[in-house]
Amino acid sequence: MKQRYTGKVYIVGAGPGDPELITVKAMRLIQQADVILYDRLVNKELLAYRAPHASLIDCGKAPGAHTMSQEQIHHTLVRYAQEGYQVVRLKGGDPLVFGRGTEEALELAEWGIPYEFVPGITSAIGSAASSGIPLTHRGLAASFACVTGSRCHGPTKSVRWDLLAHGVDTLAIYMGVSELPSIREELLRHGKAASTPVALIERGTTSSQRVIVGTLADIHTLAVSMKLSNPALIIIGDVVRVREQLLRAEQHALSLIG
């Protein structure tokens with residue numbers, strides 16, 4: 001029979017970058033936590049709301065530079081929970097959308113440690129909204145898919161770009177900046193039109209947000225010339241055109257007021 005512990009781990013989504021987009025429940029847990037393990041993309045302003053006694057542990061991962069390995073993160077979560085602490089595992093976006101939240105939950109479950117998922121606004125939702133790009137729009141898109149761009153090469157199972165090219169109206173691609181040429185090539189190879197609109201949203205929802213709009217034909221050239229950097233979301237589909245419509249409508253409204 002597994003031993004029972006008094007500690008608990010909350011696997012919490014911090015949202016896409018704007019600290020005001022965190023949920024009320026997530027904020028309450030940050031304020032009550034004994035220990036907070038936070039990722040690289042978590043807005044550090046949120047950590048200021050911790051209790052005075054709370055310990056902060058940076059376990060962020062950047063491409064090619066990990067503060068802690070995933071195994072070390074597992075070990076740390078288990079150790080603090082075993083010692084009876086209330087632990088918040090704070091992740092950017094939503095912990096179950098490319099956040100490895102279930103891997104950590106499975107480890108905790110193996111040790112008989114109670115845990116709870118607390119959802120957050122994922123980057124596809126937050127960055128698209130802050131850029132004026134709907135993921136669905138009547139007459140343009142009735143479906144969207146969240147896709148990882150980090151599986152274009154290597155031993156892991158690759159993304160089925162052949163199916164995504166025509167089976168989904170809008171693609172929201174995470175972790176795809178470094179693989180943008182390969183993503184573009186795969187979609188074109190499987191028949192996606194070169195004129196398909198594309199938006200690159202750098203640091204979405206934050207004060208330093210930047211949006212680059214082009215097409216599959218020229219988006220990589222634009223990304224290079226504009227020196228696009230991580231974190232950035234790629235949105236591919238006709239819905240990108242709605243952004244320009246909204247901007248024109250706003251400018252027209254302002255001209256009438258002026």
Is [Y] reachable from [X] through a run of hydrophobic residues whose side-chain heavy atoms are each under 4.5 Å from the next?
X      : Y      : result
Leu96  : Tyr10  : no
Val9   : Leu37  : yes
Ile125 : Val168 : no
Trp111 : Ile73  : yes
Ile219 : Val159 : yes

Mind checking what makes salt bridge (Lys or Arg N to Asp or Glu O under 4.0 Å) contact with [X], not counting sequence neighbours?
X      : value
Glu45  : none
Asp18  : none
Arg28  : none
Asp238 : Arg241

Just wondering, do [Y] and [X] contact through their side chains at under 4.5 Å, heavy atoms?
X      : Y      : result
Thr136 : Val239 : no
Glu186 : Lys192 : no
Ser195 : Leu216 : no
Glu116 : Ile11  : no
Ile235 : Leu171 : no
Val177 : Leu180 : no
Tyr38  : Leu47  : yes
Ile236 : Leu187 : yes

ring-ring contact (aromatic ring centres under 6.0 Å, His included) partners of [range], not counting sequence neighbours, each pair once:
range            : result
residues 117-144 : Tyr115-Phe117
residues 171-191 : Phe98-Tyr174
residues 72-93   : Tyr80-Tyr85

[X] versus [Y], closest heavy-atom pair with distance:
X      : Y      : answer
Ser130 : Gly204 : OG-C, 4.3 Å
Gly13  : Ile22  : O-CG1, 4.2 Å
Ala124 : Leu135 : O-CD1, 3.7 Å
Ala26  : Val12  : CB-CG1, 3.4 Å
Val42  : Ala14  : CG2-CB, 4.1 Å
Pro95  : Gly120 : CD-N, 4.1 Å

Stepwise side-chain contact (heavy atoms from CB on, under 4.5 Å) test for Val211 and Arg243: CA-CA 10 Å; Val211 182; Arg243 169 181 164 81; 3.7 Å; yes
The criterion is side-chain hydrogen bond (donor to acceptor under 3.5 Å, both in side chains); which residues satisfy it with [X], sequence neighbours excluded?
X      : value
Glu103 : Arg100
Thr206 : Ser208
Thr215 : Asp218

Donor-acceptor pair, distance only, cut-off 3.5 Å: does the side chain of [X] make one with the backbone of [Y]?
X      : Y      : value
Arg184 : Pro181 : no
Asp39  : Gly92  : no
Gln72  : Met68  : no
Lys8   : Gln86  : no

Inter- and intrachain pairs under salt bridge (Lys or Arg N to Asp or Glu O under 4.0 Å), touching residues 202-217, at least two apart: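 For residues 202-217, and leaving out neighbouring residues, the salt bridge (Lys or Arg N to Asp or Glu O under 4.0 Å) pairs sorted by first residue read Glu202-Arg210.
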Pairs where residues 162-176 contributes a residue and the test salt bridge (Lys or Arg N to Asp or Glu O under 4.0 Å) is met, not counting sequence neighbours: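 Every pair satisfying salt bridge (Lys or Arg N to Asp or Glu O under 4.0 Å) with a residue in residues 162-176: Arg160-Asp162.
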When rounded to the nearest 0.5 angstrom, what distance separates [atom1] in [X] from [atom2] in [Y]?
X      : Y      : atom1 : atom2 : answer
Ser131 : Leu247 : OG    : CG    : 10.0 Å
Leu77  : Arg89  : CG    : CZ    : 6.5 Å
Ser178 : Leu228 : OG    : CG    : 10.5 Å
Leu222 : Ile212 : CG    : CD1   : 7.0 Å
Leu164 : Ile183 : CG    : CD1   : 10.5 Å
Thr102 : Glu107 : OG1   : CD    : 12.5 Å

His53 atom NE2, over 12 foreign heavy atoms within 6.0 Å: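 Yes, because the 6.0 Å sphere around NE2 of His53 holds more than 12 heavy atoms from other groups.
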Lys44 atom NZ, over 12 foreign heavy atoms within 6.0 Å: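 Correct, the count exceeds 12.
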Derivation of the side-chain contact (heavy atoms from CB on, under 4.5 Å) call for Met27 and Gln32: CA-CA 9 Å; Met27 179 61 78; Gln32 296 174 348; over 6 Å; no
From Val88, Leu56, Val35, residue fulfilling side chain to side chain contact (heavy atoms under 4.5 Å, CB included) relative to Arg50: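 Testing each of Val88, Leu56, Val35 against Arg50, the sole residue satisfying side chain to side chain contact (heavy atoms under 4.5 Å, CB included) is Leu56.
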Worked verdict on Val118 versus Thr23 for side-chain contact (heavy atoms from CB on, under 4.5 Å): CA-CA 9 Å; Val118 180; Thr23 66; 4.2 Å; yes
